[in-house]
There are 2 protein chains.
Amino acid sequence: MRRPPGEARRRLLDATLRLYAAHGVGGTSLRMIADELGVTKAAVYHQFATKEEIALAVVQPAIDALAAVADAAEAAPTRAARRETALTGVVELMVTDRERAAVLSGDPAMAALIGGHAGLATQARRLSAAILGASAGDPESRVAATLLAGGMATAGRDPGLADLTDDELRTHLLTLARRLLRMRAPHA
Amino acid sequence: MRRPPGEARRRLLDATLRLYAAHGVGGTSLRMIADELGVTKAAVYHQFATKEEIALAVVQPAIDALAAVADAAEAAPTRAARRETALTGVVELMVTDRERAAVLSGDPAMAALIGGHAGLATQARRLSAAILGASAGDPESRVAATLLAGGMATAGRDPGLADLTDDELRTHLLTLARRLLRMRAPHA
DNA sequence: GTCTATAGCCTGATAGAC
DNA sequence: GTCTATCAGGCTATAGAC
């Protein structure tokens, strides 16, 4: 029953994400994480040196994924393609990893932890530039972008929407986002 | 320099709201509240028996105000008037008390505290019924309502929108909300 | 209404054995 | 990788003087 290397670390991060989603980042202690895994706090400290390090490791995959979407969007040839790539990419990440998205962008305790460290703000800026294009500066567009980002994070966390499949949620979010941003659906 | 009765309680709740907005509910201790007021923890405990009681008292005004908006909306004669009353009322509360709105609906630690107690869920249900009307059941409308509620809370908290005046934020939020919900602007 | 002092618990974190 | 044992310090909350 020996587990492969790195398995313990992965199990720990999965368990931590579930606890973050349920109790908030500030409301999750090392003891809760250890109990969830059936081990002691010291075992947790063997994998990570500090509590902050765990929180970073939980959200890093999502930030890397956002960066990849931003890369793809910026490489697209036309403004319409950049918008489309950025929007569908962000929605896709949000839908397929709802808990992580909600924890990443909806928790003030997390915001305090990753203040500068992880470059979330940079990716958010790149993506909103790709989506808003020339209108990035005007107030209505800025409000629209914030509304969309915060709303999508909430949609991922809301128990009232937990009954929706990934396909349904993705479809509705894309429709609503395009309406909010006055985007036409792509020809394809 | 004697202060009027109830003044100490009001000052405490004001200070607590500021701290909640800055550090999150879970990240705000009784000691921080006491320090902010320049008194000791025991003085805080003279006003409120528990930490939870403080949190409830901070958000109760917002919940009462939401209930009043729901009352007004349900009393309106037509479906269009109900939608309009509910939407403008909610936006108004959000805009004029941004910090409280963000703390109330954006903090998982607060959500855990007020789980059943304060009837926030009831008011949210009434208001979304008034706004969505007959389409309250269909998935796209439910996603739209969640997107809007979560997005408005985020808009109130986002430092990037702090430069907008109340008038500007109100105007943009109403425009975007109507677009999202496919509502016509009122004739008035 | 405010203070000092304290109880008792839980926290993040460390040391060292296996 | 996991354990037991332990630490100092912060937390909520209480008691009792002024």
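As a basis for the values below, the full set of heavy atoms in this structure was taken, side chains included, without hydrogen atoms, waters or symmetry mates. Within every chain, numbering begins at 1; the chains are lettered A, B, ... in the order of the sequence lines, protein sequences first and strands thereafter.
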Between C/dG12, C/dC3, C/dG1, which nucleotide has the shortest distance from any of its atoms to the side chain of B/Q47?
-> C/dG1
Within this structure, what is the CG-to-C1' distance between B/L113 and D/dT12, rounded to whole angstrom?
-> 13 Å
Salt bridge present between A/R10 and A/D14 (N-O < 4.0 angstrom) = yes
Mind calculating the distance between NE2 (A/H46) and P (D/dG1) to the nearest angstrom?
-> 5 Å
Atom CG of B/L148 and atom CE of B/M152: how far apart are they, to the nearest 0.5 Å?
-> 4.5 Å
Euclidean distance, atom OH of residue A/Y45 to atom P of D/dC3 [Å, nearest integer] = 16 Å
Which nucleotide in the list C/dA13, D/dC11, D/dT2 gets nearest to the side chain of B/R31?
-> D/dC11
Within the pair B/T40 and C/dT2, is there a side-chain N or O less than 4.0 Å away from OP1 or OP2?
-> no
To the nearest Å, give me how far apart CZ (B/R10) and C1' (C/dG1) are.
-> 17 Å
B/D35 atom CG is separated from D/dG10 atom P, nearest whole Å, by 12 Å
What is the distance, rounded to the nearest whole Å, between atom CG of B/L30 and atom P of D/dG9?
-> 21 Å
Expressed in angstrom and rounded to an integer, what is the separation of B/F48 atom CZ from D/dT14 atom C1'?
-> 18 Å
Distance in angstrom units between A/L37 CG and D/dC3 C1', rounded = 15 Å
What's the closest nucleotide to the A/S29 side chain, out of D/dT2, C/dG12, C/dT4?
-> C/dG12
Over all heavy atoms of both residues, which pair between B/R157 and A/G106 is shortest? Give the atoms and the distance, please.
-> NH1-O, 4.4 Å
Comparing nearest nucleotides in DNA chain D, the 5'-proximal residue of the pair B/K51, A/K41 is A/K41
For A/T154 and B/G150, the nearest pair of non-hydrogen atoms, with its separation, is OG1-CA, 3.2 Å
